[in-house]
Student: 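Would you mind keeping the following structure in view while I ask a few things?
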Amino acid sequence: MTTTTYRFSIGEIRLMVIADGGDVMGEKHLGTMLNPLSEDVLQAFREGVQPYLFSLSAVYLETGTERILVDAGEGEGSKPRSGHLMDRLREEGIALESITKIMITHCHRDHIGGLLTAEGTPMFPQAEVYICREEWAWWVESGSVPAERTALVKAALSPYGERLHYVSDGDVLAEGVTVLALPGHTPGHCGLMIESNGERLIDIVDAIHLVVQMKFPHVSPKFDTDPTLSAQTRRAILERIAAEGVLTLAYHLPFPSLGHVRQEEEGFAWMPV
């Protein structure tokens, strides 16, 4: 049976990585994602673990009185490929009504699609929703985004009304949970620093999409808003993680998407849990 949840702790904070879904990725998919796709990158992908799983891994955490979900997955309408987050929360005995906070790291569909029910009402009726101010400004206020994408973001988030809040780099979401700006994938893309009792985890979300980018951190997906900035952000956060030996979570790396990073020549190596 395929494992779909992974529980662990950071100090007194209890966490669970939950598989919203995923796909086996082959070389043909790699060519549609990465730019540039050199022979070196392609060969490194071939030499990696096969078959390669491209995952969608949300994380749920409990700290003090808070029950926090980081991103909402792609939504139940995307089944069977993805959209399983809500089912798996319920299977783990976590009522959607019990979640107190949701951190939206950025506004791509695979992170906000699960915010609403099929009827367009909030999937998490008691949750306060948080998003970086820069992210909202880009998608909704800048005029730089196609109108249909702006409408999609507004439709997903606006039903939360006064329960929608804006945060910035360094803001504390809950005790031991701090917002970490990681721009480039989108202008307001952010991750989280989670720390308790001297233990730490950095959730870098979509600052990286594929394990092969560890070795070639300058290579960005074609769908990054600013590929140059995302490459700079990726190298900087990987350098920090490697130097500090911090446990790392990355949304799209193979489930459970957790591991450590080691500096290796001009790039890095991924050591999954």
Side-chain angles (χ1 to χ4, degrees), residues 2-10 13-23 53-63 66-117 122-132 135 153 156-157 160 167 173-174 177 179-180 182 185-186 188-194 201-210 247-259 272-273:
T2 302
T3 302
T4 56
T5 59
Y6 183 91
R7 290 181 179 269
F8 66 107
S9 295
I10 297 295
I13 300 176
R14 293 178 292 175
L15 300 97
M16 179 169 58
V17 183
I18 306 167
D20 185 57
D23 263 336
L53 179 64
F54 184 82
S55 297
L56 282 70
S57 297
V59 64
Y60 164 84
L61 58 101
E62 296 179 355
T63 175
E66 303 287 4
R67 289 186 160 197
I68 302 171
L69 184 65
V70 184
D71 291 323
E74 198 157 12
E76 295 183 312
S78 60
K79 290 180 178 178
R81 173 188 172 273
S82 56
H84 302 285
L85 175 60
M86 272 54 78
D87 290 338
R88 288 166 183 168
L89 283 167
R90 295 184 187 106
E91 288 166 2
E92 293 288 338
I94 301 164
L96 304 188
E97 297 81 3
S98 74
I99 291 175
T100 59
K101 293 181 177 179
I102 300 174
M103 180 68 207
I104 296 299
T105 63
H106 64 294
C107 290
H108 285 163
R109 180 180 172 182
D110 55 332
H111 296 259
I112 65 172
L115 283 171
L116 302 182
T117 66
M123 183 70 76
F124 306 93
Q126 303 301 320
E128 305 290 320
V129 178
Y130 298 80
I131 184 173
C132 279
E135 187 72 358
V153 171
L157 290 161
Y160 285 86
V167 292
L173 189 67
V177 184
V179 176
L180 180 65
L182 296 169
H185 178 54
T186 61
H189 175 265
C190 64
L192 293 173
M193 167 67 82
I194 299 167
L201 165 76
I202 294 182
D203 183 0
I204 63 173
V205 199
D206 282 19
I208 193 167
H209 285 76
L210 300 167
L247 183 65
T248 305
L249 175 66
Y251 192 84
H252 291 297
L253 296 192
F255 185 84
S257 312
L258 278 168
V273 296

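Numbers for residues simply follow the sequence, beginning at 1.
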Student: Short question: side chain of Tyr160, backbone of Leu115 - any donor-acceptor pair under 3.5 Å?
Tutor: yes
Student: Is the backbone N or O of His189 less than 3.5 Å from a side-chain atom of Thr186, with the two atoms forming a donor-acceptor pair by type?
Tutor: yes
Student: Is it true that the side chains of Glu92 and Thr5 contain a donor and an acceptor less than 3.5 Å apart?
Tutor: yes
Student: Tell me whether Lys101 contacts the main-chain N or O of Leu173 through its side chain, where contact means a donor paired with an acceptor under 3.5 Å.
Tutor: yes
Student: Quick one about Asp206 and His185 (side-chain donor to acceptor, distance below 3.5 Å, no hydrogens or angles considered), yes or no?
Tutor: yes
Student: Does this structure show an ion pair linking Arg14 with Glu62, if we count only N-O contacts that are shorter than 4.0 Å?
Tutor: yes
Student: Assess whether a salt bridge exists between Glu74 and Arg81, defined as any Lys/Arg side-chain N lying under 4.0 Å from an Asp/Glu carboxylate O.
Tutor: yes
Student: Does Lys79 come within less than 4.0 Å of Asp87, counting only side-chain N to carboxylate O?
Tutor: yes
Student: Just by modelled atom types, is the Phe255 backbone N or O under 3.5 Å from a matching donor or acceptor in the Ser55 side chain?
Tutor: yes
Student: Using a cut-off of 6.0 Å, state whether more than 12 heavy atoms not belonging to Arg88 lie near its atom CZ.
Tutor: yes
Student: Do the rings of His209 and His252 sit parallel, tilted or perpendicular, given the 30° and 60° boundaries?
Tutor: parallel
Student: Measuring only between side-chain heavy atoms, which start at C-beta, is Met103 closer than 4.5 Å to Val167?
Tutor: yes
Student: For Gln126 and Thr100, what are the C-alpha separation, side-chain angles and deciding distance, and is it a side chain to side chain donor-acceptor pair (under 3.5 Å)?
Tutor: CA-CA 6 Å; Gln126 303 301 320; Thr100 59; over 6 Å; no
Student: Can a donor-acceptor pair be found between the side chains of His106 and Asp71 at a distance below 3.5 Å?
Tutor: no
Student: Scan side-chain atoms only and decide if Ser98 and Arg67 contain a donor-acceptor pair under the 3.5 Å cut-off.
Tutor: yes
